[in-house]
Visitor: 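The structure's right below; bear with me while I get my questions together.
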Amino acid sequence: MECRVLSIQSHVVRGYVGNKSATFPLQVLGFEVDSINSVQFSNHTGYAHWKGQVLTADELNVLYEGIMLNKVNRYDYILTGYSRDTSFLKTVVDIIQELKKANPGLVYVCDPVMGDQGAMYVPEYLLPVYRDKVVPLADILTPNQFEAELLTGRKITTEEDAVEVMDLLHKMGPETVVLTSTDLPSKCGDQFLVALGSQKIVKPDGTKTNQKICMDIPKVDAVFVGTGDLFAAMLLAWTHHHPKDLKAACEKTVSVMHHVIKRTITYANEMAGPGKRPSPAQLELRMVQSKADIENPAIVVEAKVLHESSQ
Amino acid sequence: MECRVLSIQSHVVRGYVGNKSASFPLQVLGFEVDSINSVQFSNHTGYSHWKGQVLTADELHVLYEGIKLNNVHHYDYVLTGYTRDTSFLEMVVDIVQELKRANPNLVYVCDPVLGDHGSMYVPENLYPVYKNKVVPVADIITPNQFEAELLTGKNISTEKDAVEVMDLLHAMGPDTVVITSSDLPSRLGDRFLVSLGSQRKVRPDGSRTTQRVRIEVPKVDAVFVGTGDLFAAMLLAWTHHNPNDLKMACEKTFSVMHHVIKRTISYAHELAGPGRRPSPPQLELRMVQSKADIEDPAVVIEATVIS
């Protein structure tokens, strides 16, 4: 498999967020990963302390220039996540546009990180950049419920709402949308959250079709950092292997997440000791220890097809 | 296995040198790798063009401070390689010394990158820093012949010279020394180069013993970048698994190198086409494709125990 990903995300010295979260699993699955580190921090910002440096939009351009000058700007995928800076994000958009011209089949996987649980945790003025410039370029989008609502201006209170929101997101650009988590009630009870996905495909005979799926995902009693980044990376990998089967791609992706998270939480609780809440350092994803699950995830979550329709 | 490595090396967006060369193989072998990127370049400097930014000594210190403030500055290994800046190198030494105070069992694996084939390719003022500050705190070093000669002030023309140079290096600090390549004639002919290793141990009764090995390594007709970084990382891994058996650690390490290089050169020639010399992009190590060899290298190179 000759598949090259350009991932533009954070780097942390210690732990697994951003490029640290995305790179190893993709490499383990045989992808070539070129990585531009948008920041270099000691660790993620959920620790008591964090220190480091950020890359400016100019510096990002300089790195991209180096790639261009050597004529090695051939990519199959671009992957982006958490960003705090509008000029940086706009430069990312310019780069993606150029790379799409150079690589017509290029797939841009975008996690439009803006916030969660009703609150934004990036500067507000990133929203118009995402809505008007980034999402229109994206081919695969992994918003949570809050981000999907922000981008479309529509609230989600029922599964129907979620379906409509995904259709609105399709209209903005991406053919594949996964709502990574929602507050919708799960048929399996309140120990589960609901995720949904929607993919527009053009069949070999030229007809268009749309597959929508939903998944009930076991909740975990802990706050993880870097899981969204791992999710987007694994969705990239599994949609690559199942380009017209969102059900299969999501089952693999969500299953990997489950194995990594389970291993992590067991270890974190062990480290913290009985009755104590694990610290951010202890809750770092057990990434290298999960290599076998990453390579070949046992399916533990089943996605249900909501409906397939022709368009 | 709970083993944490702090690797302070370059990052390139594309390709495999520095941290890009060291991290994936170590992670694949189950090591936790914390990485401080000393630079971020588009690609290594052997391409026609390269662009990027460097980390200053102060910025390095700031990152380390973050790790320390969170009380997560506990490492089993530190790994360093190519550096061009004396103040950066001196800051690295300070950090290694502090980390050794936090963990007295810490093993510092140092590739003292100074040059090759008779000439220096870093600024000359790095040499005294390596000699007087870095090598004395190193536990494992991987100099080539030129670097070993530079550090000890002694030339190597025979195997006996090489053994003496390795003993001189032991006296400077490191208990494990591997001269990664030399011009010494190989018993297997001129398609091979000679590498040597020496490991000094203290027996339970206090007496000292030294195991020395010679390795005949098949030469390859190509210039690779990043292989030294991969070598140091894999020597870290295989000495970790074979702490008292340099012969075995070297056989594993040199064998991994062989598999990765062989795969790389085949692919490079395929890309370049018949009769054409592969370009630097085409010669990037086939790292992710070599995962199985990295995990479990078939031993194809034998180390001979000498003296």
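First the proteins, then the strands, lettered A, B, ... as listed; each starts at 1. We use all heavy atoms of the structure for the numbers below, so side chains are in, but hydrogens, waters and symmetry mates are not.
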Visitor: Name the member of B:Ile36, B:Asn37, B:Val72 that forms the most heavy-atom pairs with chain A at distances under 4.5 Å.
Guide: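 Looking at each option in turn, the highest pair count goes to B:Asn37.
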Visitor: For A:Ala48, is it the side chain, the backbone, both, or neither that has a heavy atom closer than 4.5 Å to a heavy atom of chain B?
Guide: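 Both the backbone and the side chain of A:Ala48 come within 4.5 Å of chain B.
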Visitor: OH of A:Tyr64 to OG of B:Ser42: how many Å apart, nearest 0.5 Å?
Guide: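 The OH atom of A:Tyr64 sits 12.5 Å away from the OG atom of B:Ser42.
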Visitor: Taking atom CZ of A:Arg14 and atom CG of B:Leu63, what is their separation to the nearest 0.5 Å?
Guide: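 Answer for the CZ-CG pair, A:Arg14 versus B:Leu63, is 14.5 Å.
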Visitor: Establish, from distance only, whether the side-chain atoms of A:Glu32 and B:Gln289 form a donor-acceptor pair under 3.5 Å.
Guide: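 Distance-only check passes for A:Glu32 and B:Gln289.
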Visitor: Answer yes when B:Arg286 and A:Glu2 have at least one side-chain N-carboxylate O distance shorter than 4.0 Å, and no when they do not.
Guide: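 Answer for the salt bridge query: yes.
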Visitor: Any chance you could measure B:Gln40, atom CD, to A:Gln53, atom CD, to the nearest 0.5 Å?
Guide: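 If I round to the nearest 0.5 Å, the distance is 11.5 Å.
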Visitor: Measure distances from B:Leu55 to the heavy atoms of chain A and classify the residue's part below 4.5 Å as side chain, backbone, both or neither.
Guide: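 The side chain, not the backbone.
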Visitor: Should we count NZ of B:Lys262 as having more than 12 external heavy atoms under 6.0 Å?
Guide: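 No - once you tally the heavy atoms of other residues, nucleotides and ligands closer than 6.0 Å, there are 12 at most.
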Visitor: Less than 4.5 Å apart, side chain to side chain, heavy atoms only: is that true for B:Val28 and A:Phe24?
Guide: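 With C-beta onward as the side chain, the pair touches.
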Visitor: For chain A, which of B:His11, B:Met287, B:Glu65, B:Glu284 has the most heavy-atom pairs under 4.5 Å?
Guide: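 Going by pairs under 4.5 Å, I would pick B:His11.
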Visitor: Are any of the side-chain nitrogens in A:Lys291 or B:Glu295 under 4.0 Å away from the carboxylate oxygens of its partner?
Guide: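 The answer is yes: the pair qualifies as a salt bridge.
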Visitor: About how many Å separate CG of A:Asn70 and CH2 of B:Trp50, when rounded to the nearest 0.5 Å?
Guide: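 Reported to 0.5 Å precision, the distance equals 11.5 Å.
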Visitor: Identify whether the distance between the nearest side-chain nitrogen and carboxylate oxygen of A:Glu59 and B:Lys51 falls below 4.0 Å.
Guide: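 Result for this pair is no, no salt bridge flagged.
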Visitor: How far does CD1 of B:Ile67 sit from CG of A:Asn43, to the nearest 0.5 angstrom?
Guide: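 Result: 5.5 Å between the selected atoms.
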Visitor: What's the separation between atom CG in A:Asp34 and atom NZ in B:Lys20, rounded to the nearest 0.5 Å?
Guide: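 If I round to the nearest 0.5 Å, the distance is 5.5 Å.
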Visitor: What do you reckon, is NZ of B:Lys133 surrounded by more than 12 foreign heavy atoms closer than 6.0 Å?
Guide: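 12 or below, so no.
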Visitor: Under 4.5 Å, counting heavy-atom pairs only, tell me which of B:Gly30, B:Pro281, B:Ser35 racks up the most with chain A.
Guide: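 Among the listed options, the one with the most contacts to chain A is B:Ser35.
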Visitor: Among B:Leu69, B:Leu6, B:Asn70, B:Val62, who wins on heavy-atom pairs under 4.5 Å with chain A?
Guide: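 Most heavy-atom pairs under 4.5 Å with chain A: B:Asn70.
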Visitor: Pick from A:Arg4, A:Met1, A:Lys71, A:Glu284: which one has the most heavy-atom pairs with chain B under 4.5 Å?
Guide: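 Among the listed options, the one with the most contacts to chain B is A:Arg4.
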Visitor: Under a 4.5 Å heavy-atom cut-off, does chain A meet the side chain of B:Phe31, its backbone, both or neither?
Guide: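 Just the backbone, heavy atoms under 4.5 Å.
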